[in-house]
Protein chains: 2
Amino acid sequence: MKHPKNKKESTKDRIIDAAKMLFADQGYLKTTIADISKQAELSEAALYEYFQGKEDLLLAIPDMWVSELIEDLERQLFGIKGAVNKLRKYLWWYFRRVEESPLDAKIVYFFLKTNANFMQTEVYSNVKVLYAYLLEIFEEGKRTGEMRSHINPSIARNIFIGTMEHIITLWLLRDRKYSLFENLEETFDLLVSAFTTRENDPALPVRTLLAEATQTPSGIKHGNEA
Amino acid sequence: MKHPKNKKESTKDRIIDAAKMLFADQGYLKTTIADISKQAELSEAALYEYFQGKEDLLLAIPDMWVSELIEDLERQLFGIKGAVNKLRKYLWWYFRRVEESPLDAKIVYFFLKTNANFMQTEVYSNVKVLYAYLLEIFEEGKRTGEMRSHINPSIARNIFIGTMEHIITLWLLRDRKYSLFENLEETFDLLVSAFTTRENDPALPVRTLLAEATQTPSGIKHGNEA
DNA sequence: TTAATTTCCGAATAACATTAGGTCTTTTTA
DNA sequence: TAAAAAGACCTAATGTTATTCGGAAATTAA
């Protein structure tokens with residue numbers, strides 16, 4: 001059915017690109033079908049051959065992006081050992097994808113949830129897949145002892161996702177004037193220190209502290225713990 | 001100017017209440033001025049005596065709510081000693097306010113950021129005030145030694161706010177079928193364990209071991225407010 | 001080459017937000 | 001108190017936008 005004329009971008013893609021740019025730039029409301037079709041060099045009526053309407057067009061954008069993400073994620077995590085390492089990879093991977101596709105990200109974070117029936121959409125179930133990976137990671141960490149045994153995976157996931165989303169939202173609101181990766185290392189360490197057992201906490205290695213403490217001149221009382 | 005006929009709700013309030021309900025229920029887009037004015041028992045034209053337009057009306061809602069929050073927050077935190085206690089109060093207070101005014105919260109979290117010029121609005125600067133309190137709390141915690149000395153307050157704030165917002169957003173998306181306070185205790189403990197020095201971590205009292213081994217380092221005055 | 005199909009467009013249509021212009025009521029003021 | 005001013009409200013335009021209609025041009029299939 002689809003015969004991609006490689007010489008030029010397909011019409012559908014042109015529409016999507018135009019819409020993506022305009023939605024992200026001016027917002028969904030202020031962007032008119034006339035704007036989009038002008039940018040895509042097409043009549044307004046023709047646009048309706050490709051999308052059922054403005055809302056359908058909006059939904060199509062995150063739909064594609066999130067699908068790509070899902071496919072990529074599996075490959076990215078493949079072969080990585082350990083829950084903390086997976087968590088780290090997840091974070092760096094996702095931030096890179098967001099930095100590479102800020103328009104998609106903006107549409108996802110700003111215009112998707114407003115849709116009222118967003119919960120019933122294809123995109124939402126795909127987002128849940130992305131989140132489910134995190135749950136698995138926390139469950140693995142718990143199982144292997146890398147993370148605290150009494151941790152609640154879904155709570156940990158809330159904290160992790162919430163933090164990610166907030167950082168991204170701020171970055172988008174501030175017109176992405178800085179790098180998303182600024183302070184990321186520190187943020188990750190802080191998060192991990194909440195989840196992991198102490199031995200695995202790189203930010204505050206207790207073993208080392210203990211060792212230091214027992215060496216400090218004033219501190220030696222009774223080193224009854226080891 | 002204002003002569004509040006106490007016998008009935010003022011017209012302006014009626015409009016705001018109608019808009020709040022309809023926006024939160026159907027979304028900003030699907031709600032028409034006709035809907036709102038019908039609900040408020042008013043002609044469409046009359047509505048424009050009170051608000052410049054649909055967008056102005058939308059903005060008015062969080063504007064009022066956030067102003068109230070700011071005024072309340074100061075009183076709520078007044079007299080509470082210790083950064084962790086303040087943090088806890090902040091969280092419980094805010095969640096209660098959200099649970100009491102879910103429609104306002106929904107408008108804030110779902111329809112405000114989409115506004116493109118949201119950054120220039122009155123509401124945004126007020127939201128920043130709310131967030132600034134958190135920064136102060138983390139700085140205080142750092143200063144008093146209640147929290148880790150190497151913590152970055154703005155990173156801690158990101159984690160805290162991100163987590164809050166994510167929990168609230170989920171709750172709203174799921175039609176608030178459960179209590180916002182479900183698992184809150186556990187979530188808070190997990191967060192605090194990332195921020196605090198070990199002695200204040202009730203979940204995993206590793207530091208008590210250390211404290212036994214050494215004396216409290218550098219004369220930390222831990223307010224024993226737990 | 002002809003029929004079918006796809007791609008596209010100009011011109012309606014319809015749903016809205018917003019304005020204009022006016023009536024009726026309440027408040028002010030002289 | 002009576003006239004004037006201000007306020008609250010309305011019906012009926014007006015203008016903007018999304019969406020649909022009916023058909024033309026271009027492409028593909030036979």
Side-chain angles (χ1 to χ4, degrees), chain A residues 1-61 107 111-112 114-118 121, chain B residues 1-61 107 111-112 114-118 121:
Chain A
M1 231 24 138
K2 300 295 161 194
H3 38 98
K5 313 159 188 174
N6 289 358
K7 53 176 183 174
K8 282 286 168 61
E9 213 179 356
S10 87
T11 304
K12 189 163 185 172
D13 287 346
R14 256 173 28 240
I15 296 173
I16 284 197
D17 286 347
K20 198 182 285 188
M21 174 177 307
L22 290 166
F23 284 156
D25 192 44
Q26 323 176 329
Y28 178 75
L29 275 151
K30 304 241 170 80
T31 301
T32 68
I33 296 289
D35 288 340
I36 298 168
S37 49
K38 194 182 299 170
Q39 176 82 21
E41 292 174 310
L42 202 72
S43 78
E44 303 171 39
L47 187 146
Y48 285 85
E49 298 286 330
Y50 297 90
F51 299 95
Q52 300 193 341
K54 196 180 170 187
E55 192 165 325
D56 181 47
L57 176 51
L58 174 74
L59 269 299
I61 296 167
I107 289 168
F111 306 112
L112 210 54
T114 76
N115 239 73
N117 49 352
F118 157 64
T121 174
Chain B
M1 228 31 132
K2 301 292 161 191
H3 38 97
K5 314 159 189 171
N6 287 0
K7 52 176 184 176
K8 282 286 168 62
E9 212 179 358
S10 87
T11 304
K12 190 163 185 173
D13 287 346
R14 255 173 29 239
I15 296 172
I16 286 197
D17 285 348
K20 199 182 284 189
M21 174 177 308
L22 290 166
F23 284 155
D25 191 45
Q26 323 176 326
Y28 177 76
L29 276 149
K30 305 240 170 79
T31 301
T32 69
I33 295 289
D35 288 340
I36 298 168
S37 49
K38 193 181 300 171
Q39 177 82 23
E41 292 173 309
L42 202 73
S43 79
E44 304 171 37
L47 187 148
Y48 286 85
E49 299 284 331
Y50 297 90
F51 299 95
Q52 300 193 338
K54 196 179 169 186
E55 192 164 326
D56 181 47
L57 175 51
L58 174 74
L59 269 299
I61 296 167
I107 290 168
F111 305 112
L112 210 54
T114 77
N115 238 72
N117 49 353
F118 157 62
T121 174

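Below, read A as the first sequence line, B as the second, and so on, with proteins coming before strands; counting in each chain starts at 1.
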Nearest whole angstrom, please: distance from the [atom2] of [N] to the [atom1] of [X].
X     : N      : atom1 : atom2 : result
B/K12 : D/dG7  : NZ    : C1'   : 14 Å
A/I33 : D/dT20 : CD1   : C1'   : 13 Å
A/K30 : C/dC16 : NZ    : P     : 20 Å
B/L29 : C/dA15 : CG    : C1'   : 13 Å

Lys/Arg cation over aromatic A/F23: A/K30, 6.0 Å, 45° cone: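 No, A/K30 does not lie over the aromatic ring of A/F23.
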message: For A/Y48, does the six-membered ring have the charged nitrogen or CZ of A/K54 within the cation-pi criterion, i.e. under 6.0 angstrom from the centroid and within 45° of the normal?
response: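 That pair does not qualify as a cation-pi contact.
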query: Side chain of A/Y28, backbone of A/E55: donor and acceptor closer than 3.5 Å?
result: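 Yes; judged by distance alone, with no hydrogens or angles, the pair exists.
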- request: Report the distance from atom CG of A/L29 to atom CG of B/L58, rounding to the nearest 0.5 Å.
  value: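 Reported to 0.5 Å precision, the distance equals 9.5 Å.
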message: Using 0.5 Å steps for rounding, measure from the CG atom of A/L47 to the CD1 atom of A/I15.
response: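 It comes to 4.5 Å.
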query: Should B/T11 be listed as having a side-chain N or O under 4.0 Å from OP1 or OP2 of D/dA8?
result: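 For B/T11, the contact criterion (side-chain N or O under 4.0 Å from OP1 or OP2 of D/dA8) is not met.
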field: DNA chain C contacts among residues 37-58 of chain A, heavy-atom distance under 4.0 Å
entry: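 Listed by number, they are A/L42, A/S43, A/A45, A/A46, A/E49, A/Y50.
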Pairs where residues 31-40 of chain B contributes a residue and the test side chain to side chain donor-acceptor pair (under 3.5 Å) is met, not counting sequence neighbours: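 Residue pairs passing side chain to side chain donor-acceptor pair (under 3.5 Å), neighbours aside: B/Q26-B/T31, B/T32-B/D35.
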